[in-house]
2 protein chains.
Amino acid sequence: MKSEIEVFREFTRKKGLRNTPERETIIKEIFATHDHFDVDELYLRLKNKKKKISKPSIYRLIPHLLESGLIQEAYFEDGHFHYEHIYGHEHHCHLRCLRCGKTIEFQEKPLEKLEGKLAEEYDFSVTGHKLEVFGFCPQCKVDPHVAKVEDAGDPRRQR
Amino acid sequence: MKSEIEVFREFTRKKGLRNTPERETIIKEIFATHDHFDVDELYLRLKNKKKKISKPSIYRLIPHLLESGLIQEAYFEDGHFHYEHIYGHEHHCHLRCLRCGKTIEFQEKPLEKLEGKLAEEYDFSVTGHKLEVFGFCPQCKVDPHVAKVEDAGDPRRQR
DNA sequence: GTCATTGTTGAAAGTGATTATCAATATTCT
DNA sequence: AGAATATTGATAATCACTTTCAACAATGAC
Ligand SMILES: [Mn+2]
Ligand SMILES: [Mn+2]
Ligand SMILES: [Zn+2]
Ligand SMILES: [Zn+2]
């Protein structure tokens, strides 16, 4: 199987883009852990490793990573998107706690069938889907007054 | 069945909030059409009807409308959320064209079962889900070089 | 390898949706 | 009515993200 770096090289070649060490550094960091990430976190992770990558370079790369299928948007929270690398992974969906943000990944079968049905019924060319299931995790449903896990920042949405 | 206004009155009473004519004006406008809306569109619709409601009042109301179950986020596009009223409507999901924004609504059965399964498997209290299916509509998949619908004017979103 | 072309970079400034501030006002409760 | 306090609109602030631009560097042709 091709590495994510090779996939991106092919993508740039095909699209007339250019590959750079900065971009490969970012991609490597994205695939270094399985964590979801946002731009700021990614920027700080790189900074901590003494990689001098500017935020605009990250912002500029993200649309290409989405288009090349290396990453996808995982969810929108705290005023910005959180992403995850998906190349080399099975498609999965998220079950999220509305209170503490705890996220569980799960596979779903029924949706493959649904895509086909929708494609036929509405004459769409279906390329994918995004399913989020919301609720309260075991801790949060039992004791809704306990301190929030992610405290210091309410799950308030802002830009 | 209670009206959306009555639902909101009960909500404010229960939460120690206050109801105001501004809030009822906003809610009535949201339920006046079945269109998806964003804050700016809603503000302009009210303005056109000579209702003097400030944008902050709309922004401040939205979290309450979400919490009371009168509206929900439909999708995030062009840098902001688009909402839809849901009180009095069956739950539905969206099939969206990635190119022109055309949106089709559909009902899905398999997901009710999925919610129950997830609740049991992960001990979550599941409160809801959001499913978006993406692809290209009949027009956009056939001739991907035709002018975008959005270029002509505002894309007619339907419920 | 050299060279021309042109995409990319980082710093800085700009954009725009959303939120905070605050004094005036209005709602709710007693 | 009167006290308590939530809401309003105008305004300023915030902050995620984009644009600008000059220096730089990846790519491909020769
Ligand atoms: Mn994930
Ligand atoms: Mn809808
Ligand atoms: Zn939780
Ligand atoms: Zn389309």
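No experiment lies behind these values; they were computed from the predicted model shown. Protein chains get the first letters and strands the later ones, always in sequence-line order, with residue 1 at the start of each.
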A:His80, nearest nucleotide to its side chain (from D:dA16, C:dT18, D:dA26): D:dA16
Phosphate OP1/OP2 of C:dT9: any A:Thr20 side-chain N/O under 4.0 Å: yes
Nearest listed nucleotide, side chain of B:Arg18, among D:dT8, D:dT5, C:dT8: D:dT5
Under 3.5 Å donor-acceptor, A:Asp38 side chain and A:Asp40 backbone: yes
Value in whole Å for how far the P atom of D:dC15 lies from CZ of A:Phe81: 19 Å
Nearest to side-chain heavy atoms of B:Arg23, which nucleotide of D:dT8, C:dT8, C:dA17: D:dT8
Whole angstrom value for the distance that separates P of D:dA16 from CZ of A:Phe76: 10 Å
Backbone of A:Thr103 reached by a side-chain donor or acceptor of A:His94 within 3.5 Å: no
Nearest-angstrom distance from the residue atom CG of A:Leu61 to C1' of C:dG10: 15 Å
Nearest-Å distance for atom pair CG/C1', residues A:Asp78 and C:dA17: 16 Å
Touch class at under 4.0 angstrom, heavy-atom based, for B:Asp40 against every strand present: nothing
Nucleotide nearest A:Tyr59 (side chain, heavy atoms from C-beta), chosen from C:dT18, D:dT18, D:dT5: D:dT18
Parallel, tilted or perpendicular: rings of B:His92 and B:His36 (30°, 60°): parallel
Interface with DNA chain C, restricted to residues 6-16 of chain A and to heavy atoms under 4.0 Å: A:Gly16
Cation over ring face, A:Arg96 and A:Tyr75, 6.0 Å, 45°: yes
Sugar-phosphate only, base, or nothing, as touched by B:Pro63 at under 4.0 Å among non-hydrogen atoms: nothing
Short N/O separations, protein against nucleotides 9-13 of chain D, under 3.5 angstrom:
unit_1, atom_1, unit_2, atom_2, d
D:dG9, OP1, B:Lys52, O, 2.9
D:dG9, OP2, B:Ser54, N, 3.3
D:dG9, OP2, B:Ser54, OG, 2.7
D:dG9, OP2, B:Ser57, OG, 2.3
D:dG9, N7, B:Arg60, NH2, 2.8
D:dG9, O6, B:Arg60, NH1, 3.2

Nucleotide D:dT18, atom C1' - distance to CD1 of A:Ile58 in whole Å: 15 Å
Whole-Å gap separating C1' (D:dC15) and OH (A:Tyr43): 15 Å
